[in-house]
Visitor: 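Take a look at the following structure, please.
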Amino acid sequence: DVAPIWCDITTKLRIGADVGNAAASVCLMRQLESIAAARQIHFSASDRHRQRTIDLSLGLGLPVLIMILHTVVQGHRYDILQRVGCIAAVYWSYPAVFLVTIWPPFLLTLAAVYGALALRLFLARRYQFAKLLESSKS
């Protein structure tokens with residue numbers, strides 16, 4: 001093991017990146033669904049601050065929390081695989097599933113739901129716009 005500290009850092013960052021990418025997808029799809037729904041025309045400063053707080057806590061807070069919780073279910077520091085490098089070591093148990101493993105699939109499913117809602121709303125707006133053009137003979 002040439003760089004043990006490097007492996008410690010990269011394994012934690014890889015766990016955080018897996019959760020962070022999924023959380024970023026949720027934030028983007030949530031914003032897209034909010035735009036497509038057009039529930040609110042004007043956003044006050046407190047609304048923007050609340051949205052920013054939710055996005056930061058989901059995009060940064062959750063990955064950091066999962067990186068910290070990984071130490072609870074960590075059997076040893078890391079594994080080294082040939083041609084892959086350092087990977088996070090997880091002692092496979094029910095707490096490991098609920099503390100570390102389940103978050104990326106759960107967040108990506110949530111992002112897919114938001115994406116489907118946004119797509120449905122965009123298609124409904126397109127249909128409304130086509131009806132408007134048809135009725136005005138434009």
Side-chain angles (χ1 to χ4, degrees):
D1 188 8
V2 181
I5 302 299
W6 175 254
C7 285
D8 286 329
I9 294 169
T10 57
T11 55
K12 292 295 181 192
L13 288 178
R14 187 172 290 171
I15 287 176
D18 290 344
V19 175
N21 287 334
S25 296
V26 170
C27 291
L28 288 172
M29 289 299 143
R30 205 173 124 261
Q31 184 69 25
L32 190 61
E33 190 273 335
S34 174
I35 291 168
R39 288 183 283 270
Q40 196 172 0
I41 302 299
H42 177 67
F43 291 100
S44 66
S46 63
D47 290 336
R48 287 192 302 270
H49 180 27
R50 184 175 46 83
Q51 293 294 334
R52 192 176 307 124
T53 303
I54 291 170
D55 287 343
L56 281 174
S57 63
L58 188 62
L60 287 176
L62 187 62
V64 169
L65 178 67
I66 299 303
M67 287 189 294
I68 292 169
L69 290 175
H70 173 253
T71 57
V72 173
V73 294
Q74 185 175 351
H76 49 281
R77 287 169 57 185
Y78 51 85
D79 292 329
I80 300 176
L81 296 179
Q82 187 176 5
R83 296 191 187 105
V84 174
C86 307
I87 61 169
V90 176
Y91 179 74
W92 294 107
S93 61
Y94 287 118
V97 169
F98 291 112
L99 293 177
V100 177
T101 310
I102 197 77
W103 290 101
F106 171 74
L107 291 171
L108 289 173
T109 303
L110 187 61
V113 168
Y114 273 122
L117 288 173
L119 182 63
R120 184 180 65 85
L121 288 167
F122 278 129
L123 291 175
R125 298 288 186 266
R126 180 181 176 194
Y127 178 74
Q128 289 172 353
F129 188 66
K131 284 295 210 185
L132 177 70
L133 289 178
E134 181 183 311
S135 69
S136 68
K137 308 275 191 248
S138 176

Visitor: Of the non-hydrogen atoms in A88 and I15, which two are nearest, and what is the gap between them?
Guide: CB-CD1, 3.4 Å

Visitor: Other than L121, what residues sit in its cluster of Ile, Leu, Val, Met, Phe, Trp and Tyr side chains whose heavy atoms are under 4.5 Å apart, directly or through others?
Guide: none

Visitor: Kindly state each residue pair satisfying disulfide (SG to SG under 2.5 Å) with at least one member in residues 43-82, sequence neighbours excluded.
Guide: none

Visitor: Under 3.5 Å, side-chain donor or acceptor atoms of residues 51-67 against the rest of the protein: list the pairs with distances, not counting sequence neighbours.
Guide:
residue	atom	partner	partner atom	Å
Q51	OE1	R30	NH2	2.5
T53	OG1	H49	O	2.8
D55	OD1	R30	NH1	2.8
S57	OG	T53	O	3.0
S57	OG	I54	O	3.0

Visitor: Does one hydrophobic cluster hold both V19 and F98, with members joined at side-chain heavy-atom distances below 4.5 Å?
Guide: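 In one cluster: no.
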
Visitor: Rounded to the nearest 0.5 Å, what separation is found between the OG atom of S34 and the CG atom of D47?
Guide: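 Separation between the atoms: 10.0 Å.
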
Visitor: Is any side-chain heavy atom of L99 less than 4.5 Å from a side-chain heavy atom of H70?
Guide: no

Visitor: My understanding is that only residues two or more places apart in sequence, or in another chain, count here; which of them pass side-chain contact (heavy atoms from CB on, under 4.5 Å) with L13?
Guide: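 For L13 the side-chain contact (heavy atoms from CB on, under 4.5 Å) partners, ignoring immediate neighbours, are I9.
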
Visitor: Hydrophobic cluster mates of L119, side-chain heavy atoms under 4.5 angstrom, ILVMFWY only, any path?
Guide: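 Traced through the cluster, L119 reaches L123.
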
Visitor: If hydrophobic residues (ILVMFWY) are linked whenever their side-chain heavy atoms come closer than 4.5 Å, directly or via other members, who joins L117 in its cluster?
Guide: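 Direct or chained contacts put L117 with V113.
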
Visitor: Connecting only ILVMFWY residues whose side-chain heavy atoms lie within less than 4.5 Å of each other, what is the rest of L28's hydrophobic cluster?
Guide: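 Same cluster as L28: nobody, lone residue.
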
Visitor: Kindly compute the distance separating CD (E134) from CZ (F129), expressed to the nearest 0.5 Å.
Guide: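 It comes to 13.0 Å.
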
Visitor: Would you mind listing every disulfide (SG to SG under 2.5 Å) that reaches into residues 52-86, with sequence neighbours excluded?
Guide: C7-C86

Visitor: Suppose the criterion is side chain to side chain donor-acceptor pair (under 3.5 Å): which pairs have a residue in residues 102-115, not counting sequence neighbours?
Guide: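 Of all non-adjacent pairs touching residues 102-115, none passes side chain to side chain donor-acceptor pair (under 3.5 Å).
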
Visitor: Just to verify, what does A24 make a side-chain contact (heavy atoms from CB on, under 4.5 Å) with, not counting sequence neighbours?
Guide: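 Not a single residue meets the side-chain contact (heavy atoms from CB on, under 4.5 Å) criterion with A24.
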
Visitor: Can you list every pair that meets salt bridge (Lys or Arg N to Asp or Glu O under 4.0 Å) and has a residue in residues 119-132, with sequence neighbours left out?
Guide: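 Sorted pair list comes back empty.
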
Visitor: Which pair of heavy atoms, one from L107 and one from A22, lies closest together, and at what distance?
Guide: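 It is CB-CB, 3.7 Å.
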
Visitor: Do V26 and F106 belong to the same hydrophobic cluster, where Ile, Leu, Val, Met, Phe, Trp and Tyr are linked whenever their side-chain heavy atoms lie under 4.5 Å apart, directly or via other members?
Guide: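 Result: yes, single cluster for both.
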
Visitor: Can you pull the side chain to side chain donor-acceptor pair (under 3.5 Å) pairs that have at least one residue in residues 72-93, sequence neighbours excluded?
Guide: D1-Y78, D8-R77, K12-Q74, H76-D79

